[in-house]
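FYI, side chains are in, hydrogens and waters are out, and symmetry mates aren't considered; it's all heavy atoms of this structure.
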Amino acid sequence: ARLIEEKSGAYTLTQVRRQKVKWMQDASKLLNAHQVEEGLRKYQEQERLQFHDSLDGAKWGIVADYLNGIEEDAKASRVILTFRNSEAKEINAAIRERLKDKGLLGREFEMVLKDTESVSGVKTLRLAVGERIFFTVNDATEWHVKTLKANGSVGQGVRNGTPGIIEDYDEKRKTMKVRLEDGRLVGFETRSYSSLTYGYAMTINKAEGKTYTYSHVLFDPLMNANSLLIAMTRHERDCQVRISRTHAQDLKEMVQATERGSYRGVLSDYTIASEDKRWFDLAQSYAHK
């Protein structure tokens with residue numbers, strides 16, 4: 001993209017539409033410009049950055065934030081964003097256990113899903129009525145996932161990352177009904193469409209391009225300015241960030257960790273001038289001796 005911009009020019013988006021609050025829009029612009037400290041400070045001033053003495057403390061704090069959010073606004077979409085897939089899995093499991101303890105999950109069942117990472121090519125996923133899920137494969141034309149009740153929505157099908165809540169599962173027919181955020185009730189046969197995952201936590205990488213009403217971010221020192229930008233611009237209304245002091249003691253250390261560059265070279269960056277080529281050829285001859 002950098003090479004294309006240098007050769008042909010490019011348009012730049014200057015208006016933030018996803019975030020609805022002025023200070024969040026300003027923060028998004030700063031983070032987009034890789035002015036990490038100024039962008040994060042906006043969230044610190046609004047008490048959206050919470051530090052913990054341990055990583056476990058940060059994780060359980062984010063789980064509590066999520067569960068409290070469900071109680072306050074059950075219909076809104078929300079997501080927990082982590083840098084590591086292992087932490088997303090751990091948090092998904094923790095939230096499911098707490099939802100079961102609260103009696104917020106109904107009848108459980110198992111689904112067989114495709115799994116390209118396993119030798120067998122399949123895996124089982126334990127789900128429940130009332131479970132929050134993400135669809136993970138596009139079906140925008142309703143080839144498999146069909147709208148049963150539109151409820152005023154003009155939407156169609158589902159896309160990778162579409163959130164929903166399971167309302168019913170027919171064990172005998174292998175059919176599922178899911179209520180989407182836009183109010184639609186969709187249905188499908190799980191034998192023909194089984195691309196589902198838990199709808200609580202996901203990695204930042206998988207969240208790119210998606211929008212949720214609320215987001216909860218677990219800070220990681222491996223994040224750079226680009227991944228931080230993605231994590232902190234998925235929300236419309238609010239974003240809460242939890243940080244372990246083992247990863248960053250304060251805002252200054254968050255900035256030091258994340259404002260690393262993410263430069264990627266292209267061949268034209270390394271073009272050799274004609275007057276330097278003889279020295280390059282000489283070095284190459286040494287390398288092959």
Side-chain angles (χ1 to χ4, degrees), residues 63 66-80 85 88-118 120-203 206-207 210-214 216:
V63 167
Y66 188 95
L67 294 172
N68 290 336
I70 289 178
E71 291 183 1
E72 293 173 4
D73 192 352
K75 294 183 179 180
S77 64
R78 61 182 66 245
V79 67
I80 294 172
N85 192 50
K89 290 181 178 179
E90 182 183 1
I91 290 172
N92 275 327
I95 289 178
R96 288 198 80 242
E97 286 302 312
R98 281 156 177 76
L99 290 174
K100 286 196 289 185
D101 292 343
K102 291 174 176 287
L104 297 177
L105 292 183
R107 173 174 53 88
E108 287 197 307
F109 55 90
E110 284 190 348
M111 276 187 60
V112 177
L113 311 178
K114 293 180 181 178
D115 183 14
T116 57
E117 298 179 359
S118 69
S120 64
V122 296
K123 66 177 179 180
T124 58
L125 184 67
R126 193 155 189 82
L127 297 169
V129 174
E131 189 97 66
R132 289 174 180 251
I133 59 168
F134 292 129
F135 292 84
T136 60
V137 170
N138 293 337
D139 187 17
T141 59
E142 298 200 356
W143 183 256
H144 299 296
V145 184
K146 303 182 184 301
T147 298
L148 304 178
K149 293 182 180 179
N151 294 322
S153 171
V154 295
Q156 185 177 8
V158 294
R159 299 185 183 278
N160 182 8
T162 296
I165 299 176
I166 298 174
E167 289 201 352
D168 184 55
Y169 180 69
D170 189 315
E171 187 76 42
K172 185 177 181 180
R173 297 181 178 179
K174 304 296 183 186
T175 58
M176 184 181 292
K177 295 179 181 178
V178 178
R179 181 73 60 181
L180 304 185
E181 183 188 12
D182 63 6
R184 281 185 296 139
L185 182 67
V186 299
F188 53 96
E189 292 186 1
T190 57
R191 284 171 291 205
S192 60
Y193 186 100
S194 62
S195 302
L196 308 172
T197 190
Y198 294 127
Y200 310 110
M202 67 164 60
T203 61
K206 291 180 180 178
K210 300 176 179 60
T211 301
Y212 303 95
T213 309
Y214 300 97
H216 309 268

Step through the shown structure and confirm whether more than 12 heavy atoms of other residues, nucleotides or ligands are within 6.0 Å of [atom1] on [X].
X      : atom1 : value
Lys149 : NZ    : no
Arg159 : CZ    : no
Lys177 : NZ    : no

Could you please spell out the steps behind the side-chain hydrogen bond (donor to acceptor under 3.5 Å, both in side chains) verdict for Thr213 and Glu181? CA-CA 10 Å; Thr213 309; Glu181 183 188 12; 3.2 Å; yes
Run the numbers on Leu99 and Leu67 for side-chain contact (heavy atoms from CB on, under 4.5 Å), then give the verdict. CA-CA 8 Å; Leu99 290 174; Leu67 294 172; 3.7 Å; yes
Set of residues satisfying salt bridge (charged side-chain N to carboxylate O under 4.0 Å, His left out) with respect to Glu72, sequence neighbours excluded: none
Listed partners of Arg98 passing salt bridge (charged side-chain N to carboxylate O under 4.0 Å, His left out), at least two apart: none
How close do [X] and [Y] get, counting heavy atoms only, and between which atoms?
X      : Y      : result
Leu180 : Val186 : CD1-CG1, 3.7 Å
Val112 : Val122 : CG1-CB, 4.0 Å
Asn85  : Lys206 : OD1-NZ, 4.2 Å
Ile166 : Ile133 : CD1-CG2, 3.9 Å
Gly199 : Tyr66  : O-OH, 3.4 Å
Phe134 : Gly161 : CD2-O, 3.7 Å

Is [Y] close to [X] at the side-chain level, that is, under 4.5 Å between some pair of heavy atoms?
X      : Y      : value
Ile95  : Ile80  : yes
Met176 : Phe188 : yes
Ile91  : Val63  : yes

Could you give me the CA-CA distance, side-chain angles and deciding distance for Phe135 and Leu196, then say whether side-chain contact (heavy atoms from CB on, under 4.5 Å) is met? CA-CA 5 Å; Phe135 292 84; Leu196 308 172; 3.6 Å; yes
Check side-chain contact (heavy atoms from CB on, under 4.5 Å) between Ala207 and all other residues, then give those that pass, not counting sequence neighbours. Leu81, Met202, Arg234
Between Thr175 and Glu189 (side chain of the first, backbone of the second, donor and acceptor by atom type, cut-off under 3.5 Å), is there such a pair? no
Is a donor on one side and an acceptor on the other found under 3.5 Å between the side chain of Asp139 and the backbone of Gly157? no
By side chain to side chain donor-acceptor pair (under 3.5 Å), Glu167 pairs with (sequence neighbours left out) Arg179
Could you check Asn138 against Trp143 for side-chain contact (heavy atoms from CB on, under 4.5 Å), going step by step and ending with a plain yes or no? CA-CA 10 Å; Asn138 293 337; Trp143 183 256; over 6 Å; no
From [X] atom [atom1] to [Y] atom [atom2], the distance as rounded to the nearest 0.5 Å:
X      : Y      : atom1 : atom2 : answer
Arg173 : Arg191 : CZ    : CZ    : 10.5 Å
Thr136 : Asn160 : OG1   : CG    : 6.0 Å
Thr190 : Met111 : OG1   : CE    : 4.5 Å
Leu185 : Ser153 : CG    : OG    : 12.0 Å

Please determine if Asp170 and Lys172 form a salt bridge, counting it only when a charged side-chain N lies under 4.0 Å from a carboxylate O. no
Contact list for residues 193-203, test side chain to side chain donor-acceptor pair (under 3.5 Å), sequence neighbours left out: Glu131-Tyr200
Just distance, no hydrogens or angles: give the donor-acceptor pairs under 3.5 Å from side chains in residues 101-109, sequence neighbours left out.
{"residue": "Lys102", "atom": "NZ", "partner": "Glu71", "partner atom": "OE2", "Å": "3.4"}
{"residue": "Arg107", "atom": "NH1", "partner": "Tyr169", "partner atom": "O", "Å": "3.4"}
{"residue": "Arg107", "atom": "NH2", "partner": "Tyr169", "partner atom": "O", "Å": "2.7"}
{"residue": "Glu108", "atom": "OE1", "partner": "Arg126", "partner atom": "NE", "Å": "3.3"}
{"residue": "Glu108", "atom": "OE2", "partner": "Arg96", "partner atom": "NH2", "Å": "3.1"}

Does Val158 form a side-chain contact (heavy atoms from CB on, under 4.5 Å) with Glu142? I'd like the steps, not just the answer. CA-CA 8 Å; Val158 294; Glu142 298 200 356; over 6 Å; no
